[in-house]
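Here's the structure, in C-alpha cells; my notes come after.
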Amino acid sequence: MSVALPRHVAIIMDGNGRWAKQHKVAVALGHRQGVETLREIIRTASNMGIQVLSLYAFSTENWRRSPTEVAALMALILEFFRSEIDELDREGVRIRILGDKAGLPPAQRNSVTDAEQRTRSNQGMQLNIALNYGGRGELVRATRALAEKAVNGDISPQAIGEQDLRDHLYTAGQPDVDLLIRTSGELRISNFLLFQSAYAELIFVDMLWPDFSVADFKRCLDTYAARSRRFGGRTE
Ligand code: FPP
C-alpha cells in the first residue's frame, strides 16, 4: 500500500454539532470530542509517513456561529496547542497555519505563531491547520500579491503561471492535495483548499467526526489506493 499512500491528505472534520445533539450535550462537548479524534488522526498520519496533513479547524464563515460556540472553539484551539506542542515537536511534526492569523484573538495568534516558529525546522510530517481560512480568500490574497508585483515591475502579467499562484498560497512549497476526506455525510468541499484540491480524490464518509476512528481513516487510505488517478489523461 505504501506506493499508493497519498502525499497530502486534507480533512473536513464535520459533524461535531450533530454528535453533540445526538448525545444531548452542549455543542462545545462535541467539538471537544472532535479534538480527541483529531489527535489520533494526526498521530496515525505521522506514524504512517504521510507527508502533509491539512485539517479544516475554523473557516472564515465560522465567525457567524454564536459567540458561545466561537469562544468554545477558540478555547479548544488554545488548549490543543498548549497540550500537544511538546509531543508534536518531539515527533518532528512541522506546523503551519493556513489562514489569516491577524484575525485571530491575540492569545490564539501568539500560541499558533509560537508553534509554527518552534517546529519550523522539523523534518517529519507537515501539519497544516486551517484557522480563519477560506479558499476563495486565499486566492484573492495570492492574486493581490501577484498584482502588486506586476505593478512594481517585478513580474510581467503575461509571465504569470500556475506555479506563481501556487507559490503565493498558504500551502506554498507543498504538494497538491491527493485525498480529501469529509465526514458527516455532507457532499461539499466548503471553500477548503480550492486550488490545491483540483485533482484530489474525494471521499465522503457517512459518519460524524467524533465517531471517526483510526480504522476508518485507514479504510479511506485503502479506498484511495484502489482508485486510479488519470489527471485528465487516459490510462490503457
Ligand atoms: C464541524 O462540525 C467542525 C468544526 C466547525 C470545527 C472543527 C474543529 C475541531 C475538531 C476542534 C478544534 C480544532 C483544533 C485544531 C483544536 P460542525 O459543528 O459544523 O458539525 P455540525 O455540522 O454537525 O453542526
Side-chain angles (χ1 to χ4, degrees), residues 2 5-16 28-59 62 72-133 138 169-183 192-193 196 209-218 220-221 224:
S2 63
L5 196 66
R7 286 204 294 171
H8 186 165
V9 179
I11 310 185
I12 302 177
M13 313 179 285
D14 195 15
N16 297 344
L29 276 177
H31 291 310
R32 179 170 289 281
Q33 201 58 39
V35 176
E36 291 308 310
T37 303
L38 166 155
R39 291 172 58 216
E40 294 197 354
I41 299 301
I42 293 174
R43 194 168 304 130
T44 304
S46 162
N47 289 341
M48 291 181 82
I50 283 173
Q51 266 182 44
V52 187
L53 178 68
S54 296
L55 302 171
Y56 207 0
F58 195 91
S59 75
N62 285 151
L73 279 166
M74 288 298 142
L76 279 172
I77 287 162
L78 208 53
E79 193 180 317
F80 172 82
F81 280 94
R82 280 193 185 136
S83 64
E84 302 301 312
I85 187 65
D86 286 345
E87 186 184 335
L88 291 171
D89 192 24
R90 224 178 8 252
E91 297 288 318
V93 170
R94 191 168 58 245
I95 296 171
R96 190 186 294 183
I97 301 304
L98 313 182
D100 181 14
K101 288 196 293 259
L104 295 172
Q108 281 73 9
R109 188 170 63 233
N110 292 335
S111 167
V112 301
T113 305
D114 285 351
E116 284 183 317
Q117 299 290 355
R118 181 170 161 185
T119 62
R120 64 185 308 159
S121 306
N122 285 354
Q123 298 295 314
M125 185 177 77
Q126 172 73 52
L127 174 63
N128 295 327
I129 301 196
L131 285 178
N132 197 22
Y133 172 88
E138 179 183 37
L169 299 176
Y170 292 118
T171 51
Q174 301 177 7
D176 280 352
V177 175
D178 296 304
L179 169 62
L180 174 66
I181 301 171
R182 181 178 189 141
T183 57
F192 193 39
L193 301 175
Q196 300 90 331
W209 176 250
D211 293 327
F212 187 73
S213 68
V214 166
D216 297 315
F217 180 61
K218 290 188 173 167
C220 289
L221 298 178
Y224 170 85

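Sequential numbering from 1 along the given sequence is applied to the chain's residues.
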Carefully, step by step, assess Ile181 and Phe217 under the rule side chain to side chain contact (heavy atoms under 4.5 Å, CB included).
CA-CA 9 Å; Ile181 301 171; Phe217 180 61; 4.0 Å; yes

Yes or no on salt bridge (charged side-chain N to carboxylate O under 4.0 Å, His left out) for Lys101 and Glu116, after CA distance, side-chain angles and deciding distance?
CA-CA 12 Å; Lys101 288 196 293 259; Glu116 284 183 317; 2.7 Å; yes

Step by step, would you call Phe212 with Ile41 a side chain to side chain contact (heavy atoms under 4.5 Å, CB included)?
CA-CA 9 Å; Phe212 187 73; Ile41 299 301; 4.0 Å; yes

For side chain to side chain contact (heavy atoms under 4.5 Å, CB included), just list the numbers for Ile85 and Ile95, CA-CA rounded to whole Å, side-chain angles, deciding distance to a tenth of an Å, and then say yes or no.
CA-CA 9 Å; Ile85 187 65; Ile95 296 171; 3.8 Å; yes

Under the side chain to side chain contact (heavy atoms under 4.5 Å, CB included) rule, what do Leu53 and Gln126 come out as? Steps first, then yes or no, please.
CA-CA 6 Å; Leu53 178 68; Gln126 172 73 52; over 6 Å; no

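Here the closest non-hydrogen pair linking Arg96 and Thr171 is NH1-C, 3.4 Å. The nearest pair of heavy atoms linking Leu104 to Val112 is CD1-CG2, 4.2 Å. Between Pro6 and Leu221, the closest heavy-atom pair is CG-CD2, 3.7 Å. Scanning both residues, Ile42 and Phe80, for their nearest heavy atoms gives CD1-CZ, 3.7 Å. The shortest non-hydrogen separation linking Met13 to Thr183 is C-OG1, 3.8 Å. Of all heavy-atom pairs between Asn132 and Gly103, the closest is ND2-CA, 3.6 Å.
Here Asp216 pairs with Arg219 under the salt bridge (charged side-chain N to carboxylate O under 4.0 Å, His left out) rule; sequence neighbours left out. Take Arg120 and apply the side chain to side chain contact (heavy atoms under 4.5 Å, CB included) test, not counting sequence neighbours, and it matches Gln117. Among residues two or more places apart in sequence or in another chain, the ring-ring contact (aromatic ring centres under 6.0 Å, His included) test is passed with Phe58 by Trp63. Applying the side chain to side chain contact (heavy atoms under 4.5 Å, CB included) criterion to Gln51, with sequence neighbours excluded, gives Arg7, Pro175. Here Gln33 pairs with Trp19, Glu36, Pro210 under the side chain to side chain contact (heavy atoms under 4.5 Å, CB included) rule; sequence neighbours left out. Looking at residues two or more places apart in sequence or on another chain, you find a side chain to side chain contact (heavy atoms under 4.5 Å, CB included) between Arg32 and Leu29, Leu76, Glu79.
Thr119 places no side-chain N or O within donor-acceptor distance of the main-chain N or O of Asn122, the cut-off being under 3.5 Å. One N or O on the side chain of Asp178 and one on the backbone of His8 form a donor-acceptor pair closer than 3.5 Å.
Residues Asn47 and Glu91 form a side-chain contact, since some pair of their non-hydrogen atoms from C-beta on lies under 4.5 Å apart. Considering only heavy atoms from C-beta on, Ser54 comes within 4.5 Å of Leu193 through its side chain. The shortest side-chain heavy-atom distance between Lys218 and Met48 falls under the 4.5 Å cut-off. Between Met125 and Val52, every side-chain heavy-atom pair lies at or beyond the 4.5 Å cut-off. The shortest distance between side-chain heavy atoms of Leu38 and Leu55 falls below 4.5 Å. Using a 4.5 Å cut-off on side-chain heavy atoms (C-beta onward), Glu87 and Arg39 make no contact.
Each of Ile129, Leu127, Asn128, Thr113 was evaluated against Ile97; a single residue qualifies, Ile129, per the side-chain contact (heavy atoms from CB on, under 4.5 Å) test.
With values rounded to the nearest 0.5 angstrom, Asp14 atom CG is found 4.5 Å from Arg182 atom CZ. Distance CH2/Trp209 to CG/Asn16: 9.0 Å, rounded to 0.5 Å. Residue Leu88 holds its CG atom at 13.0 Å from CZ of Arg94, rounded to the nearest 0.5 Å. Interatomic distance, CG of Asp86 versus CZ of Phe81, reported as 13.0 Å (0.5 Å rounding).
Salt bridge annotation for Asp100-Arg109: absent, with no cationic side-chain nitrogen under 4.0 angstrom from a carboxylate oxygen.
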